[in-house]
Amino acid sequence: MSDFWAFTRYLYLKVLVTLSRLLIKLLASPQSSKLDYKLDIPSRDKNRTIKVHVYKPPVTETGSSTPAPVLINLYGSGLAIPLHGLDDDFCRFIADTTGYVVLDVNYCLAPEYPFPKALNDVEDTLKYVLDHPKEYQASRVSISGFSSGGTLALSASASLPRGTFTSLIAFYPATNLYQDPSLRKAPVPGGKDRSPFWTRIFRESYIRGMDARDPRISPAFADTTNFPSNMLIVTGELDASAIEAEELAERAKDEGHTTGREVIIRRMKGCGHAFDKKLTGEVSVKAKNETYELAAKILKNGLKVST
Ligand SMILES: *[C@@H]1O[C@H](CO)[C@@H](O)[C@H](O)[C@H]1NC(C)=O
Ligand SMILES: *[C@@H]1O[C@H](CO)[C@@H](O)[C@H](O)[C@H]1NC(C)=O
C-alpha cells in the first residue's frame, strides 16, 4: 500500500515537473556558447556520467598556471528544471579574469534523481578534480552556485571536511527547505513572488520522504564548522529567499569569527531572484556587473583585500 502510494505520488510529481520543464523550455533555453569543451565525469551510479562544461583561463593570462585552481559551479534548477548553461556569462568571466578553470556541472535532477543524488554528483566531481593533480590544484578548489545550485554549494561545503574548499560563492540560495514557501517574505515588498505551489512540487520531488531539516537538504540547519574561510553570499532585496540566506551567512560569520573566516553578505537593491539572468533594467545590469566582479576578486585574492 505504501509502495503504491509512493509510486502514485512519484507519477504525479513527474507529470507536473515534466509539464513545467516543457513550459520553461518554450520560454528560455540556455545558450552555453562560451565554453571551451565538454567533459563526462564518472558518477558513482554505474550507468551514468556527469556532464560538465569546462571554461579554461586564456593561455596568455599572466599568472595562469598548471595545475590550475578550480571553481566548481552549480546552476539554478529548482533541483528539477534542466537549465545547465544558464551561468555561461559567469563561468566565462571567472575563467577569463581569475586564472581558475571553471567546471559548470550538470548535476542530476528530481524527481528522477531525488536527494542525495545531486549532492553525490557534486562530490563525484570533486573526487574527479582531486584525482587529476596534474591538471587541477587540490589546495585551491572553490565552489559556487546560483539559487538551488547555491543550496547545493552550501550543503556540500558544510558536510565535506573543512579545508576542502577555499572559497564559497552563493547567489540567492534557498537555505531552508523545511519552512513552508508561502511563509517566506522578501525583505522589501514589491518583488514578484515565486509560486508556493510550484516551489512545494519541486521540493517534494527532491526530498520525497526525507526530513527537510537534514542539513544536507537545508543548510540552514547545518553546523557551520566546515564552511570555507572565504564566503560571499549575494541576495536580492526583492527575493523571498534573501532572509534565510542572510541568517545562515550571519551565523557562519559569527561562529567562524575565531577561526578567521571572512563572510561578505551583499544584499542587492532593487534586485529579485535570479536578477543576473533577467536583465530588466539598469539596476540589474549594474548588480550583475558588481557581484561578478566581487566574486572574481574573492577567488583571486580572498576576502581581506576585496572589501
Ligand atoms: C541506472 O541507475 C539508476 C539510478 O542509479 C537506476 O534507478 C536505474 O534502474 C539504472 N538503469 C539501468 C538500465 O541500469
Ligand atoms: C563591468 O563593467 C566594466 C566597465 O564597463 C567592464 O570592464 C567589466 O568587464 C564588467 N564586468 C562584468 C562582469 O560584466
Side-chain angles (χ1 to χ4, degrees), residues 28-37 52-65 68-77 83-105 140-150 153-154 165-173 228 230-239 241-242 245 249 262-307:
S29 41
Q31 303 281 322
S32 43
S33 47
K34 298 171 187 156
L35 64 101
D36 289 305
Y37 57 92
V52 171
H53 290 172
V54 183
Y55 298 76
K56 295 193 71 161
V59 268
T60 50
E61 170 88 354
T62 47
S64 75
S65 55
V70 183
L71 179 68
I72 294 174
N73 182 65
L74 307 163
Y75 68 102
S77 61
L83 294 171
H84 185 221
L86 208 56
D87 300 334
D88 201 41
D89 280 358
F90 176 76
C91 298
R92 184 72 269 159
F93 174 71
I94 295 298
D96 283 352
T97 57
T98 65
Y100 272 67
V101 173
V102 182
L103 302 182
D104 190 25
V105 181
R140 278 179 79 201
V141 181
S142 292
I143 190 163
S144 59
F146 292 77
S147 190
S148 55
L154 287 160
F165 299 114
T166 313
S167 303
L168 179 154
I169 292 159
F171 283 77
Y172 37 81
N230 300 292
M231 293 176 64
L232 168 65
I233 306 292
V234 176
T235 63
E237 67 171 4
L238 304 176
D239 179 8
S241 59
E262 303 275 336
V263 182
I264 293 185
I265 303 164
R266 195 52 64 89
R267 181 192 285 179
M268 305 311 291
K269 277 207 163 48
C271 290
H273 198 73
F275 63 83
D276 59 317
K277 306 298 185 312
K278 309 168 189 158
L279 299 175
T280 46
E282 207 188 326
V283 171
S284 45
V285 172
K286 268 189 157 157
K288 173 179 176 179
N289 184 291
E290 185 192 328
T291 51
Y292 285 21
E293 293 281 349
L294 184 57
K297 242 177 174 171
I298 288 167
L299 289 170
K300 261 170 104 166
N301 308 317
L303 276 177
K304 289 211 168 71
V305 269
S306 65
T307 39

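Whatever order the structure lists them in is the order used to number ligands and atoms, beginning at 1.
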* Asked: Do D88 and Y55 have side-chain atoms, one donor and one acceptor, less than 3.5 Å apart?
  -> yes
* Just to confirm, does any protein heavy atom lie below 4.0 Å from atom 11 (N) of ligand 2? -> yes
* Heavy-atom check, side chain of H53 versus side chain of D87, under 4.5 Å -> no
* **Atoms in ligand 2 with a heavy atom of Y292 nearer than 4.0 Å** => 13 (C)
* Asked: Among all protein non-hydrogen atoms, which one is nearest to atom 5 (O) of ligand 2, and what is the separation to 0.1 Å?
  -> N289 ND2, 4.8 Å
* What do you think, any protein heavy atom under 4.0 angstrom from atom 14 (O) of ligand 2? -> yes
* Side-chain donor/acceptor of S148 to backbone N/O of S77, under 3.5 Å -> yes
* Asked: Would a 4.5 Å heavy-atom cut-off, applied to side chains only, mark S284 and K278 as touching?
  -> no
* Determine whether K269 and V283 make a side-chain contact, defined as any pair of heavy atoms from C-beta on separated by less than 4.5 Å. => no
* Among all protein non-hydrogen atoms, which one is nearest to atom 8 (C) of ligand 2, and what is the separation to 0.1 Å? -> E293 OE2, 3.3 Å
